[in-house]
Amino acid sequence: MDTLVSAFLVGLVGVFCMLDSRLLGRLNFEQPLIGATLVGVVLGDVPTGLAVGAAVELISMGLVSVGAAVPPDMVLGGIVASAFACLTGASAETAMTIAIPVAVLGQLLGVVFRSIIVFLGHIADGAIEEGHFKRAYRMHIVWGTVLYSLMYFLPIFVAVYAGTDVVQAVVNMIPDWLTNGLNVASKILTAYGLALLLSMMINKGMTVFLILGFMLASYLGLSVIAVSIFGGILALILMGFKFAGGQLATAGAAGPDYDPLEDDDE
């Protein structure tokens, strides 16, 4: 595939993912896993895109947006890192050395563009006061979307079109101590993301299933897919026991001669 076409398609993937939270109503396309996988689709290397996306997704779980704070843009970082890995054949670990710096760059671009969007909001407010509702509509829906699209498209396009050799040269300039530090930081953020995920899921009733899945994977050597299938089957069995037990309990409390269709007054 031509480099120009690849850069254009990857840029469009970034724009599509960005539009998820701006126009599409948050359908979960604006996720590192989805964006990187779509890059793998357009570049013809889905496994690599999926692997990079999964690694970046785990890191993004450890990033929390609090108040007006803008976290690193891991969607942008995942898309560029996935394109780099697909075009060069690099591993997901190597691609991560690009994902984090690009995500920080996306964070800075996000702050700049949000500052510009504020001015568009003021223009829209003035247009509404003057009764120019179409102008206000264009400020919000058209120009705001165009600016956000450029914020994603341009850096992605330049990064891919500049060539993987340029990106690789930049990576080679990174000293080993910094690369190792980024790798360690990515693993810490991954662990933190998993901890946040578990903190939302784990309770007294769910802990035993977590331990069961861990034991199955560790001591029986089952894959994640096998453990997931086993967990689904176990959940269906337990649901059957729960509802069957509730029906039996209701029938027993009502007595053998109880007829739910019979009027109590008769």
Side-chain angles (χ1 to χ4, degrees), residues 1-57 59-60 70 72-92 94-114 116-117 120 138 140-173:
M1 185 182 296
D2 184 73
T3 304
L4 179 62
V5 176
S6 298
F8 183 77
L9 291 177
V10 175
L12 289 182
V13 169
V15 172
F16 172 74
C17 292
M18 178 277 305
L19 291 177
D20 173 54
S21 62
R22 276 77 181 182
L23 289 179
L24 303 181
R26 289 197 178 275
L27 302 176
N28 267 342
F29 290 113
E30 195 177 14
Q31 297 291 336
L33 178 60
I34 303 300
T37 303
L38 291 177
V39 171
V41 172
V42 300
L43 296 182
D45 192 352
V46 177
T48 299
L50 185 60
V52 175
V56 179
E57 184 73 31
I59 292 178
S60 68
V70 180
D73 194 336
M74 298 308 298
V75 178
L76 181 65
I79 289 175
V80 175
S82 178
F84 166 76
C86 292
L87 294 174
T88 63
S91 64
T94 303
M96 293 305 297
T97 62
I98 295 177
I100 297 178
V102 172
V104 174
L105 174 62
Q107 177 186 25
L108 299 177
L109 290 175
V111 173
V112 172
F113 274 81
R114 283 175 173 83
I116 298 175
I117 293 297
L120 293 182
R138 288 195 296 269
H140 283 291
I141 303 300
V142 178
W143 293 111
T145 302
V146 169
L147 287 176
Y148 269 116
S149 299
L150 291 176
M151 184 191 76
Y152 265 69
F153 182 83
L154 290 179
I156 294 173
F157 180 85
V158 171
V160 178
Y161 184 71
T164 55
D165 293 337
V166 175
V167 178
Q168 186 64 57
V170 174
V171 174
N172 292 336
M173 293 173 59

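The chain is numbered in sequence order, starting from 1.
Nearest approach of A95 to A81, heavy atoms of both residues: O-CB, 3.4 Å. Looking at every heavy atom in both residues, C17 comes nearest to G35 through SG-CA, 3.6 Å. Residues G78 and V52 come closest through the heavy atom pair O-CG1, 4.2 Å. When all heavy atoms of S82 and G40 are compared, the pair lying nearest together is OG-N, 4.2 Å.
Within the 4.5 Å cutoff, the side chain of L4 has heavy atoms near those of the F157 side chain. Proximity of Y152 to D73: side-chain heavy atoms (C-beta onward) are separated by under 4.5 Å at one or more points. Residues S6 and L43 form a side-chain contact, since some pair of their non-hydrogen atoms from C-beta on lies under 4.5 Å apart. Under the 4.5 Å side-chain criterion, counting only non-hydrogen atoms from C-beta, F8 is not in contact with V160. You'll find the side chain of L120 reaches within 4.5 Å of the side chain of L147, heavy atoms only. Using a 4.5 Å heavy-atom threshold, the side chains of D20 and I34 count as separate. Side chains of L33 and V56 form no contact here, defined as non-hydrogen atoms less than 4.5 Å apart.
Here CG of L76 is found 11.5 Å from CE of M18. Values are rounded to the nearest 0.5 Å. Here L50 contributes atom CG and L38 contributes atom CG; the two are 11.0 Å apart, rounded to the nearest 0.5 Å.
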